[in-house]
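Because the structure is predicted, anything quoted here is derived from the model rather than measured. Below, each value reflects all heavy atoms present in this structure, side chains not excepted, and no hydrogens, waters or symmetry copies. Count residues from 1 along the sequence.
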Amino acid sequence: MYHLTKEPINVQPIINQVTDRNCGAIATFIGTVRELTAGKKTLRLEYHAYEDMAVKMLERIGNEVEQKWEGSKVAITHRLGMLEISDIAIVIAVSSPHRKAAYEGNAYAMERIKEMVPIWKKEFWEDGSEWVGDQLEKTPYKGGQPS
C-alpha cells in the first residue's frame, strides 16, 4: 500500500489496492513534474529519500486518513531518482463509501506528505540546479543541500 520506487509509476495497480465493493468513490491524485514554476523553467527533478523512514511516514499518513474518514482505504506511491517533465512523481489513491471523504482524505494525505515525509527534491533549472528546502518549500537548506 505504501511504496517508493525508482521506476515509472503505473497508476492502475495503485487504484486496484484501494478498490472495495463497499466504497462508492476512489479519488486519485497524480502529481507530475511541471515545466514552469513561478516563470522559471525546470528541465528535470531528482528525488531522494530516507527510504525506511519515508515508507513508515507514508503508512502513518494512510492510517491517519483511515481513522479520520471511516471506511476509507489508502495507497501511496512516490517515485525517487531523476524525473523528466510530465513524469509522475506521486500517486495517492483513497477509496471511501462516499466521494466527499475520498476527496478530503486525498487532499489531507498530500499535505501531510509535504509536512512530514523525508523526501528531498533537487530542481534542475535552465540556468543551474538547486536543492529545494523542506517539502513545503518554505525553509531553504543550510549550506544549500540536505544534510
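- The hydrophobic clustering, which links ILVMFWY residues whose side-chain heavy atoms are closer than 4.5 Å, places Val74 and Tyr103 apart.
- In the hydrophobic cluster analysis, where Ile, Leu, Val, Met, Phe, Trp and Tyr join through side-chain heavy atoms closer than 4.5 angstrom, Ile85 is grouped apart from Phe124.
- Remark: Lys121 NZ to Leu80 CG distance equals 13.5 Å, nearest 0.5 Å.
- Residue Glu51 holds its CD atom at 13.0 Å from NZ of Lys56, rounded to the nearest 0.5 Å.
- If you take OG on Ser86 and CD on Glu35, they are separated by 8.0 Å, rounding to the nearest 0.5 Å.
- With respect to the salt-bridge test (charged N to carboxylate O, under 4.0 angstrom), the residues Arg60 and Glu64 qualify.
- In the hydrophobic cluster analysis, where Ile, Leu, Val, Met, Phe, Trp and Tyr join through side-chain heavy atoms closer than 4.5 angstrom, Met53 is grouped together with Tyr47.
- One finds no salt bridge joining Glu111 and Lys114 here, because no Lys/Arg side-chain nitrogen approaches an Asp/Glu carboxylate oxygen to under 4.0 Å.
- A donor-acceptor pair under 3.5 Å is absent between the side-chain atoms of Asp87 and the main chain of Thr32, judged by distance alone.
- Annotation for Ala102 and Ser96: closest pair N-OG, 3.1 Å, computed over non-hydrogen atoms.
- For the pair Ile119 and Ala54, the tightest heavy-atom approach, listed with the atom from each and the gap, is CG1-CB, 4.3 Å.
- Counting all heavy atoms, side chain and backbone alike, His3 lies closest to Leu58 at O-CD1, 4.1 Å.
- Heavy atoms only, all atoms of each residue included: Val65 and Gly105 are closest at CG2-O, 3.6 Å.
- Rounding to the nearest 0.5 Å gives a distance of 4.5 Å between CD1 of Ile90 and NE2 of His78.
- The two residues Val18 and Ala75 make their nearest non-hydrogen contact at CG1-N, 3.5 Å.
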Evaluation steps, side chain to side chain contact (heavy atoms under 4.5 Å, CB included), between Leu45 and Lys122 | CA-CA 6 Å; Leu45 295 178; Lys122 187 173 187 177; over 6 Å; no

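- Looking only at atom types and distance, the side chain of Glu66 has no donor-acceptor partner in the side chain of Ser72 under 3.5 Å away.
- Listed here is the closest heavy atom pair of Lys68 and Tyr108: CE-OH, 3.3 Å.
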Take Tyr50 and Trp120 through the test ring-ring contact (aromatic ring centres under 6.0 Å, His included) and record every step on the way to the result.
-> CA-CA 9 Å; Tyr50 174 19; Trp120 302 280; 7.5 Å; no

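- The closest donor-acceptor contact from the side chain of Thr5 to the backbone of Glu7 lies under 3.5 Å.
- Not counting sequence neighbours, Glu126 has no partner by the side-chain hydrogen bond (donor to acceptor under 3.5 Å, both in side chains) test.
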Go through Val33 and Ile88 one step at a time and tell me if the side chain to side chain contact (heavy atoms under 4.5 Å, CB included) criterion holds.
-> CA-CA 7 Å; Val33 178; Ile88 297 172; over 6 Å; no

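- To the nearest 0.5 Å, atom OG1 of residue Thr42 and atom CD of residue Glu123 are 4.0 Å apart.
- A donor-acceptor pair under 3.5 Å links the side-chain atoms of Gln17 to the main chain of Met1, judged by distance alone.
- Between the side chains of Gln67 and Asn63, no donor-acceptor pair is found at a separation under 3.5 Å.
- Screening Ile76, Thr77, Thr28 for a side-chain contact (heavy atoms from CB on, under 4.5 Å) with Ile92, the sole residue that qualifies is Ile76.
- One hydrophobic cluster, built from ILVMFWY side chains closer than 4.5 Å, cannot hold both Leu43 and Leu83; they sit in different ones.
- If you take CG on Asn10 and CD on Gln12, they are separated by 7.5 Å, rounding to the nearest 0.5 Å.
- Between the side chain of Ser95 and the backbone N or O of Thr19, no donor-acceptor pair lies under 3.5 Å.
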Where do Trp125 and Thr37 land on the side chain to side chain contact (heavy atoms under 4.5 Å, CB included) test, with the steps shown first?
-> CA-CA 10 Å; Trp125 307 104; Thr37 301; 4.2 Å; yes

